[in-house]
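To keep things clear, I will list the structure first and then write my remarks on it.
Each chain gets a letter, A, B and so on, in the order the sequences are listed, and its residues count up from 1.
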Amino acid sequence: MACRGSGVQIPLAPHMNKNVNDEREHAAYDFAYVQEKWLPVWDQLQPFKSGRADDVREKKYVLDMFPYPSGDLHMGHAEAYALGDVIARYWIQKGFNVMHPIGWDAFGLPAENAAIKRNSDPRIWTYENIAVQKASMRRFACSFDWDRVFNTCDPEYYKWNQWLFLKLHERGLAYRKDSAVNWCPGCQTVLANEQVVAGLCERCDSTVTKKKLNQWYFKITDYADRLLDDMAQLEGQWPEKVLMMQRNWIGRSSGANVSFVIEGRKDPVTIYTTRPDTLYGATFMVVAADSELAAELVVGTGVEKEFGAYLEKIKADSDIDRLATDRPKSGVFLNRFAINPVNGAQLPIWASDYVLADYGTGAIMAVPAHDQRDLDFAKAFNLPVVVVVETGEEDPSVSGVATGGDGKLINSGALNGLNKADAISAINVQLENDGLGKSARNYRLRDWLVSRQRYWGTPIPIIHCPSCGEVPVPEAQLPLTLPDAEGLDLKPKGTSPLGAATEWVNVECPKCGAAAKRDTDTMDTFVDSSWYYLRYPSSTVHDQPFLKKDIETWLPVDQYVGGVTHAILHLLYSRFFTKVLNDMGMVNFNEPFTRLLNQGMVVMDGSAMSKSRGNLVRLSDELEHHGVDAIRLSMVFAGPPEDDVDWSDVSPSGSVKFLTRAWRLSGDVTSAPGVDFSTGELSLRRATHKALNDASFAVESFRFNVAIARVMELVNATRKAIDSGCGPADPAVREAVEATAIMLSLVAPFTAEEMWERLGHKPAVALAGWPVVDPQLLVADSVEAVIQINGKIKERIDVPPTITDGELEALALAHPTIVAELGANAPKKVIARAPKLVNIVA
RNA sequence: GCCCCGAUAGCCCAAUGGCAGAGGCAGAGGACUUAAAAUCCUCCCAGUGUGGGUUCGACCCCCACUCGGGGCACCA
């Protein structure tokens, strides 16, 4: 590394005559040196420490999604943390009391898999990686408050996972049930619905199968309506895309439950439909083949054998097979009949896999004329099609296309002549009056399956006692720590490795003292991340998960930053936890993240980076070649933050060039610190204040690339002022360069700090404060107004910015060019938009 | 199949109904230099995916389509 004194320029050729020009020419910006110089200074100053008791500034809680410690930081982390840093550092400069913490989402499968591979303890791998990432974050100059760090695999943290689990259990929100669950044969564990992506395990891409198991669930469906309705608060604050995805995921639908009498069965069967208006068009009934109802209905019908064979066949089908769009309909006639409650029609009952056992009631009325799936089924098995809504389209039994649109009801008794909406209300009233049905809602959202058959997670704090049943581990015994991995076989085998820790598993029942066993499953790691943001303000507190006082001071999170990959899972679960805690009186708000920014991905040559694709760009290489600041700048300047950054489109060397250019300005300033800016040259002062004003606005609306463009403009203007304008001694030059350093501190902290020192100031520039913009300097002396005739520009004139519409119109009409253009024709209409434009309609 | 988002110069992107160009990359020329690099200056380049509509005026609003990206996917 080049050895240079701080801020002192050593000419490359010491014998050369030294003058201002030489210094500028020969000074080289050495980013490696500057990085090494400032890191220890910042360690000392701790500019980002938050939460001093005497702090009276308004708070801002800026949060980056915490990382999983799966190795060193990569390009994606670099982008995410560069963006989060711009926001956190901006609010600090703007005078807010900012908390910007970090921690590690440290439980999970990769650690366990690495441990299996190396035959070691997942703890070791995890804490080693955390140390590596932490060191990289420091070098990357993340503005984190290092006093609040925690890892979710620390017993001091997961103790509170267990505590929260027990609170949910108390409230009936954590429960066990038998059900056909998503099973990943690769990971040998169950998966939440949210972790199954297109039929594959989101982690290992194995084909997910179904397995009947007894598992723990969180009752998130109790909160479906609130999760949906409270999104109104997030409108405009969260990306519309994320809100849309959450709405679709929750998938609320409204319709009606209708009872159908079944011949030879005591109780009627209830079906759910969103189209009760088409009740007269029902020509058969379908029950989910894998439902208990189907199994019951088939008994004694003589088709048991056929049904059994069908059931075997569909169980063998994977989710992938089910997802095929052109999959032909299949099913078995159960040799039984239901009676249509409105017209007494006898409807054959079929069992099929196109009806889901766990949605609605697991049974439907089939209206083939107006539902494509029912129509496909009717065609496959030659069942009748009755049109009850006249839409003007071709008869579905001929076209093969069900008509789902609006129209006039026909063949429907009292509903005849009504449109869809009116028919739905009318039939709902009728059904309710006759005791045959009522309006109902259903959700796509299912309860959250939280138990996992793996080692590296939070042990579920429940003891199973033969006589007392599920007994919570007493609060005083928390944390229930994981048994030592030593001696345990962590290899996936379908049951939890914890089961082999005999001494750990076998305990006395806390209630009756009898021999009992611990629950051997661990919690889904998404439990850990569902509430971690509540803990940062109280991270050193160990007798409570978080302090009420801290929550009231800091929460909710003002700005959350992270990848769109968490649009459903993590964000939905966090919202759910917040609502539960709100109900428990532990937090005084019901949405955890006020504002959300989703950054895009960093890709290379149009596709996601991967070793196998051979397009992996190593963050460490980029940092070494171009420096931290240039990489941060390149990330932020590449385009809007939500867009993907294609690294082949960005120019880190261009960033280096710009930073050098900015840095060089700081060496050119010859006025003294503290000089009165008000006497400075006016046009440069205007440029400075406009840049400050525009950059503020751009940062606040997440257009960081635009903010940087404004700084570039100011740097260009300042260069020009120094070289061929007011000269380096003018106070306006100092004002411009100081503003540049402060604005650059959001994205290029090392360069900014170095500039700040060369300008004669003490660190840290991060705390210098955003200069106050003088509104008078934002108004120009005169502006150019354009005069149009029929929208075409005919003339440009200089006018005072304060000109009124009337004055501008008069000026335009009196202008010789316009007079000549118009000739004898009087203008039909004149639109004036002072001070920028007049349009004359001739 | 349904839903959402996008398309502006060779490339990345600005322009929130009012002059299509802020900024950058790439390219060309020049100044400085013995030369090169670095630096500084100047220049080049599109009429906004296609077709209609609304408006005095449309990249921007509306309708239809093409292409690209994303989400959901037998949820009755």
Side-chain angles (χ1 to χ4, degrees), chain A residues 12 21 24-28 197-199 239-249 251-253 255 271-275 278 286 288 319 322-327 329 352-356 358-367 370-374 376-377 442-446 564 567-568 600 606 633-634 637-640 642-646 648-651 653-655 657-658 660-661 664 694 698 701 703 705-713 715-716 719-720 723-724 784-793 796 827-833 836-842:
Chain A
L12 296 178
N21 218 30
R24 199 182 79 215
E25 275 179 29
H26 297 291
V197 179
E240 192 48 48
K241 185 182 167 186
V242 174
L243 296 177
M244 188 66 64
M245 285 166 71
Q246 294 224 347
R247 272 190 204 102
N248 290 342
W249 189 262
R252 180 161 67 194
S253 88
I271 60 94
Y272 172 73
T273 178
T274 54
R275 292 293 303 277
T278 63
V286 186
D319 270 17
R322 291 173 151 263
L323 286 171
T325 45
D326 51 354
R327 192 164 183 258
K329 290 283 182 285
S352 172
D353 66 348
Y354 88 91
V355 172
L356 305 176
D358 61 350
Y359 183 79
T361 61
I364 61 148
M365 66 172 194
V367 185
H370 307 296
D371 182 283
Q372 191 61 46
R373 296 154 299 186
D374 297 346
D376 293 343
F377 193 85
N442 265 306
Y443 304 88
R444 223 192 66 107
L445 182 71
R446 306 295 146 90
V564 75
I568 297 171
L633 176 69
S634 299
F637 184 57
E642 318 78 46
D643 290 4
D644 287 350
V645 175
D646 194 323
S648 61
D649 287 334
V650 310
S651 168
S653 56
S655 297
K657 210 162 96 178
F658 164 68
T660 308
R661 203 167 139 81
R664 200 180 309 115
D694 291 359
S701 42
R703 282 150 53 238
N705 52 327
V706 177
I708 291 168
R710 292 291 103 84
V711 182
M712 288 174 168
E713 271 180 280
V715 167
N716 290 343
R719 178 80 268 148
K720 201 168 266 184
D723 289 348
S724 56
E784 189 180 69
V786 298
I787 307 172
Q788 301 177 327
I789 295 179
N790 295 332
K792 290 198 173 61
I793 298 161
R796 294 159 190 276
K828 290 202 190 91
K829 193 172 174 183
V830 181
I831 293 105
R833 290 284 180 274
K836 291 165 81 176
L837 171 139
V838 183
N839 188 18
I840 298 161
V841 186

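Regarding the sugar-base torsion, G47(B) falls in the syn class, its angle being within 90° of 0.
Across all strands shown, C43(B) is found opposite G27(B) as a Watson-Crick or G-U wobble partner, with both distances under 3.5 Å.
Distance N248(A) CG to C4(B) P: 9 Å, rounded to the nearest Å. Atom pair R444(A):CZ and C72(B):C1' shows a separation of 6 Å (rounding to whole Å applied). Remark: C1' of C72(B) and CD1 of I568(A) are 8 Å apart, rounded to the nearest angstrom. Between L837(A) atom CG and C19(B) atom P there is a gap of 7 Å when expressed in whole angstrom units. The interatomic distance linking D374(A) (CG) with A76(B) (P) rounds to 12 Å, in whole Å. Here A14(B) presents its C1' atom at 10 Å from CD of E713(A), a figure rounded to the nearest Å.
Side-chain atoms of R661(A) and N716(A) form a donor-acceptor pair, as typed in the model, at a separation below 3.5 Å.
For N716(A), no side-chain nitrogen or oxygen approaches OP1 or OP2 of G23(B) to under 4.0 Å. The side chain of S253(A) contributes an N or O atom lying less than 4.0 Å from OP1 or OP2 of A76(B). Look at R703(A) and you'll find a side-chain N or O under 4.0 angstrom from OP1 or OP2 of A15(B). Residue K657(A) places none of its side-chain N or O atoms closer than 4.0 Å to OP1 or OP2 of C40(B). Side-chain nitrogen and oxygen atoms of Y359(A) include at least one within less than 4.0 Å of the OP1 or OP2 phosphate oxygen of A76(B). For U39(B), neither phosphate oxygen OP1 nor OP2 lies less than 4.0 angstrom from any side-chain nitrogen or oxygen of R719(A).
Taking the side chain as every heavy atom from C-beta outward, D374(A) and Y354(A) approach each other to under 4.5 Å.
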Quick test: give all pairs of protein nitrogen or oxygen and nucleotides 51-56 of chain B nitrogen or oxygen below 3.5 Å, distance rounded to 0.1 Å.
unit_1, atom_1, unit_2, atom_2, d
C56(B), O2', N839(A), ND2, 3.4
C56(B), O2, N839(A), ND2, 2.4

Which atoms of nucleotides 6-12 of chain B (N or O only) lie under 3.5 Å from a protein N or O atom, and what are those distances?
unit_1, atom_1, unit_2, atom_2, d
C12(B), O2', A638(A), O, 2.9

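With hydrogens and angles ignored, a donor-acceptor pair under 3.5 angstrom links the side chain of R710(A) to the base of A22(B).
When heavy atoms are screened at a 4.0 angstrom cut-off, I793(A) is found touching the sugar-phosphate backbone but no base atom. Residue-level contact check: D694(A) touches neither bases nor backbone, having no heavy atom under 4.0 Å from any strand.
Heavy-atom distances to RNA chain B give each of K836(A) and D643(A) a nearest nucleotide, and the one nearer the 5′ end belongs to D643(A).
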